Each structure stands twice: as structure tokens, then as C-alpha cells.
Chemist: 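Just dropping this structure here.
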Protein chains: 2
Amino acid sequence: MDKVDRILAQWRRERPDLDVTQMGVIGRIGRLRSHLSAAHERVFKKYDLSLASFDVLATLRRSGPPYALSPSELIDWTMVTSGTMTNRLDRLEKAGLITRQRNPEDGRGFVIALTDKGFELIDAAVTEHVANQHQMLEALSAEELEQLDSLLRKWLAAMNSAENSEDS
Amino acid sequence: MDKVDRILAQWRRERPDLDVTQMGVIGRIGRLRSHLSAAHERVFKKYDLSLASFDVLATLRRSGPPYALSPSELIDWTMVTSGTMTNRLDRLEKAGLITRQRNPEDGRGFVIALTDKGFELIDAAVTEHVANQHQMLEALSAEELEQLDSLLRKWLAAMNSAENSEDS
DNA sequence: TGAATATATCTTGATGTCAAGATAAATGGA
DNA sequence: TCCATTTATCTTGACATCAAGATATATTCA
């Protein structure tokens, strides 16, 4: 009987006309996300990073040499708006972790690249980040992990296609 | 091969020394949460509510008669900081959805109560909210839903106890 | 009783986010 | 060629959130 269960019990008492079966799963996803973010941020802080800045640096790092992408490509990967990305890049540029140069092939665009300092920082941070993620999932066996991944993958695929069919 | 898989593939190419097995599950949790929040907000907007205000009103509503709690109790249920709760209550009070009166039994505290308008609004909103949640999980069978719930519950319990043992 | 401590809530300042609109450059057709 | 449209990015303004500190009241215990 965790907090989510108590919430469901309250709804069943107050609104017996509602079927709150799915609320449990959805509520647990949200609470898990909070815990995961908090745990992630504890590591990020050691490197003077936020989730926002880690997200950008990691995207550049894993894109491979020359560790450079356009703001638009970064927006696609990170799923934030252009205004948010501008703000993130401003901070990272000020911190000396990225450079922002006009794209010589497209006057509208920019090229965002990791500096040496940015590369070293994100490489160290991601190493600890991955170790941290291992710890977070210690409670589940390899089998359970795979089961969970497959269920989440199926659900996510369905949500993605619902989202897309909505646009039309 | 969804976006999360592509991220893992990039890391495996760039940092073959890291084992990113758990990153998939964690990444999918995050992406799912984004989708779920967006879908929730579409319903909330119809009632001129945000996730923040829905959260508070729903907590009051399901607490049962007299639909009144202290700010501290609301903080416990919603897991936000006191500053955030003050801000939420300010808006809800201005909108006429709650009242905020001094607690006659404890001069430091307040009693936050649903107004009639607040009660009617949250009752209508939660009905549609629950129907919306059913739709979001249509892709999974009852069996899969139960499996997923049980895995999430186990993981969440582990994260909760990790959190608590950290305090010491 | 009084002082020290704890509790409840609010205030302040910094971040981070989005939606909508502005600006500038590129592109596609007439 | 040149105008209309599209694309890439930045700007602005409104919120929401947190951490840290302020304030007022309660409680504890010497």
C-alpha cells in the first residue's frame, strides 16, 4: 500500500462511479520520474550541470566527431522548443562548454560545437551518470528489466502514433 | 527502433566502455511522462486548469468532506515545496476555487477548502480525466497493464527506500 | 515562566519552460 | 528575376518550480 494506492483508495471511496484502474500505472510513472530526475541531478550537480545542460552536451557528445550539431537538430533530439534551446545554448556558451558559430552553408543557421572543456566535462559526467543508472535499477532482475522495457516500448509506440495521428 | 534505441546505439558507438542497458528503460519513462503530461493538459485546459491547479483541487476533492486540508497536508500529497504550494494556492484563491482561512486551532496554519465552484469544476474535470487515462492505456491488455503495474510498483518501492535511507 | 527549538507558511531570487511573434535567410515557382 | 512561402533561430512575456531565508506561532523542558 504505497502513496499511489492510497490515492486510488480515496477516489474509489469518493467517486465509486469512476474506474481508476489506469490511474495507478500513470501515477507511478510520474512518481518514478520525479525520483529519477532527483537522482540524476545529484550527479549533474557534481559537474555544475543541470538536466538541461547535460541533455545538450550529451547529445553533442554521442553524435560523434566533430561533436557539432545545429540548434534544430538539438531541438529534435531533446524535444524542447526553440526558445528553450536558445536559452540553454546561451548558458552553455557563457560557461565555455560549447561554441556557437554561423553556419557558412546556411546563413540562417548556426553550428553548435563542444569545446575541449565541454567534451571532457560531459565524458566524465556521463560515466558517473551511467553508473548511477545501474544503481537505480538494482532492485530489478535482468529478466524484469527486459519485461519492463518491452512493455514501456509498446506503450510509448502507441502514444507516439496517437500523437502523430492527431496532427492531421 | 525508436528514438531511445537510436540514442543507445549512438552511445554504444561512441562509448563502448559504458553499459547503457538501463538507460533505455529510464529514457522511456521520461518520454512517456512527457506524452502523458501533454495528454493530461489537453483535458485540463478545457476547464481552465493547469496540472498544478488540478493537482491541488483533486487532492482536496478526494480527501472527502469537508474537502479541506492544510497547506502542509497538500504539500505531502503533491510532493512540491512550500513556496510552490503558496503560489498554487494564491492562484486558486484568486480564481475563486478555494478559500484560505486561518486555522483557529493553530495560529501558524491555514485551512484550505474547496468552494462550491471549485468542487463542481474538479468533479467534472476528473471525470473526463479518468476517461482520458483509459484511452492512453488502450494499447495494453489488462494482463499487460497488471504486469506493468507490478514492475513499476516494485521499482518505485525500491527508489522510495533508497531515498529514505539517504537522509540518515 | 522563559529561552531554545520546532513547525507552518510566505517571500525572494534564480532557473527553466513554453507559446507566440519577430527577424533574417533560403527556396520555389510564375 | 522576384515575390511568396518556408525555414532557422532569437526575443518576449507569462508561469511554475525550487532553495534559502524570513516571520510568526507552538511546544518543550530546564
Side-chain angles (χ1 to χ4, degrees), chain A residues 30-31 33-35 37-42 44-45 47-57 68-95 97-113 163 167, chain B residues 30-31 33-35 37-42 44-45 48-57 68-95 98-113 163 167:
Chain A
R31 306 234 162 194
R33 230 282 303 218
S34 295
H35 282 295
S37 300
H40 282 153
E41 269 166 26
R42 261 173 249 134
F44 298 158
K45 236 175 225 163
Y47 297 88
D48 265 311
L49 291 172
S50 62
L51 170 61
S53 43
F54 179 91
D55 196 17
V56 173
L57 297 180
L69 296 170
S70 68
S72 302
E73 290 172 309
L74 287 168
I75 286 168
D76 281 347
W77 279 112
T78 61
M79 306 199 301
V80 299
T81 62
S82 66
T84 297
M85 187 53 67
T86 298
N87 183 29
R88 289 181 174 192
L89 296 176
D90 285 349
R91 287 176 190 288
L92 288 168
E93 192 178 20
K94 241 175 242 164
L97 301 172
I98 60 157
T99 59
R100 186 195 236 151
Q101 297 175 320
R102 288 218 96 90
N103 181 344
E105 285 161 20
D106 185 336
R108 297 166 302 179
F110 290 84
V111 176
I112 309 298
E163 187 101 341
D167 295 342
Chain B
R31 307 233 162 195
R33 230 281 305 218
S34 295
H35 282 296
S37 300
H40 282 153
E41 270 167 24
R42 263 174 246 134
F44 298 158
K45 237 176 224 161
D48 266 311
L49 292 172
S50 61
L51 169 62
S53 44
F54 180 91
D55 195 18
V56 173
L57 296 180
L69 296 170
S70 67
S72 303
E73 290 172 310
L74 288 168
I75 285 169
D76 280 347
W77 280 112
T78 60
M79 305 197 302
V80 298
T81 61
S82 65
T84 297
M85 186 53 68
T86 298
N87 183 30
R88 288 181 174 191
L89 296 176
D90 284 348
R91 288 176 189 287
L92 288 168
E93 191 177 23
K94 242 176 241 163
I98 61 156
T99 59
R100 185 196 237 151
Q101 297 175 322
R102 287 218 96 90
N103 182 343
E105 286 160 21
D106 185 335
R108 297 165 302 176
F110 290 85
V111 176
I112 309 297
E163 189 100 340
D167 295 344

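These numbers come from the heavy atoms of this one structure, side chains and all, not from hydrogens, waters or symmetry mates. Because the structure is predicted, anything quoted here is derived from the model rather than measured. Lettering of chains follows the sequences in order, A, B, ..., and the numbering in each one begins at 1.
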Chemist: How long is the line joining CG of B/Asp76 and P of C/dT9, in whole Å?
Modeler: 10 Å

Chemist: Might you list the N or O atoms of the protein lying below 3.5 Å from N or O atoms in nucleotides 4-8 of chain C, with each pair's distance?
Modeler:
{"unit_1": "C/dT7", "atom_1": "O4'", "unit_2": "B/Arg108", "atom_2": "NH1", "d": "3.3"}
{"unit_1": "C/dT7", "atom_1": "O2", "unit_2": "B/Arg108", "atom_2": "NH1", "d": "3.2"}

Chemist: Between P on C/dA19 and CE on A/Met79, what's the gap in Å once rounded to a whole number?
Modeler: 13 Å

Chemist: Taking all non-hydrogen atoms of both residues, which atom of B/Ile75 and which atom of B/Val80 are closest, and how far apart?
Modeler: CG2-O, 3.2 Å

Chemist: Please tell me which of A/Arg91 and B/Lys45 maps to the more 5' nucleotide of DNA chain C, matching each residue to the nucleotide holding its nearest heavy atom.
Modeler: A/Arg91

Chemist: Do A/Gln101 and A/Phe110 come within less than 4.5 Å of each other through their side chains, counting heavy atoms only?
Modeler: no

Chemist: Go nucleotide by nucleotide along DNA chain C from the 5' end; which of A/Asn87 and A/Arg102 gets its closest nucleotide reached first?
Modeler: A/Asn87

Chemist: Would you say A/Leu51 and A/Glu41 make side-chain contact, with heavy atoms under 4.5 Å?
Modeler: yes

Chemist: Could you tell me the separation between the CG atom of A/Asp48 and the C1' atom of C/dT15, rounded to a whole number of Å?
Modeler: 14 Å

Chemist: Does any non-hydrogen side-chain atom of A/Ile112 lie less than 4.5 Å from one of A/Ser70?
Modeler: no

Chemist: If I take atom CG in residue A/Leu74 and atom P in nucleotide C/dT17, what distance separates them, rounded to the nearest angstrom?
Modeler: 13 Å

Chemist: Between C/dT15 atom P and A/Phe44 atom CZ, what is the distance in whole Å?
Modeler: 18 Å

Chemist: Under a 3.5 Å cutoff, is there a donor and acceptor pairing between the side chains of A/Thr84 and A/Thr81?
Modeler: yes

Chemist: I want to check something: taking the side chain as every heavy atom from C-beta on, are A/Asp90 and A/Arg100 in contact at a cut-off of under 4.5 Å?
Modeler: yes

Chemist: Any base atoms under 4.0 Å from A/Gly107, or only sugar-phosphate, or nothing? Heavy atoms, all strands.
Modeler: sugar-phosphate

Chemist: Indicate yes or no: at least one non-hydrogen side-chain atom of B/Phe54 is less than 4.5 angstrom from one of B/Leu49.
Modeler: yes

Chemist: So how far is it from B/Met85 CE to B/Leu74 CG, rounded to the nearest 0.5 Å?
Modeler: 5.0 Å

Chemist: First and last nucleotide of DNA chain D in contact with chain B, 5' to 3', at under 4.0 Å to a heavy atom: what are they?
Modeler: D/dC15 to D/dA26

Chemist: What integer distance in Å separates B/Arg88:CZ from C/dT9:P?
Modeler: 15 Å

Chemist: Assess whether side-chain hydrogen bond (donor to acceptor under 3.5 Å, both in side chains) is satisfied between A/Ser50 and A/Ser53, documenting all intermediate values.
Modeler: CA-CA 5 Å; A/Ser50 62; A/Ser53 43; 3.1 Å; yes

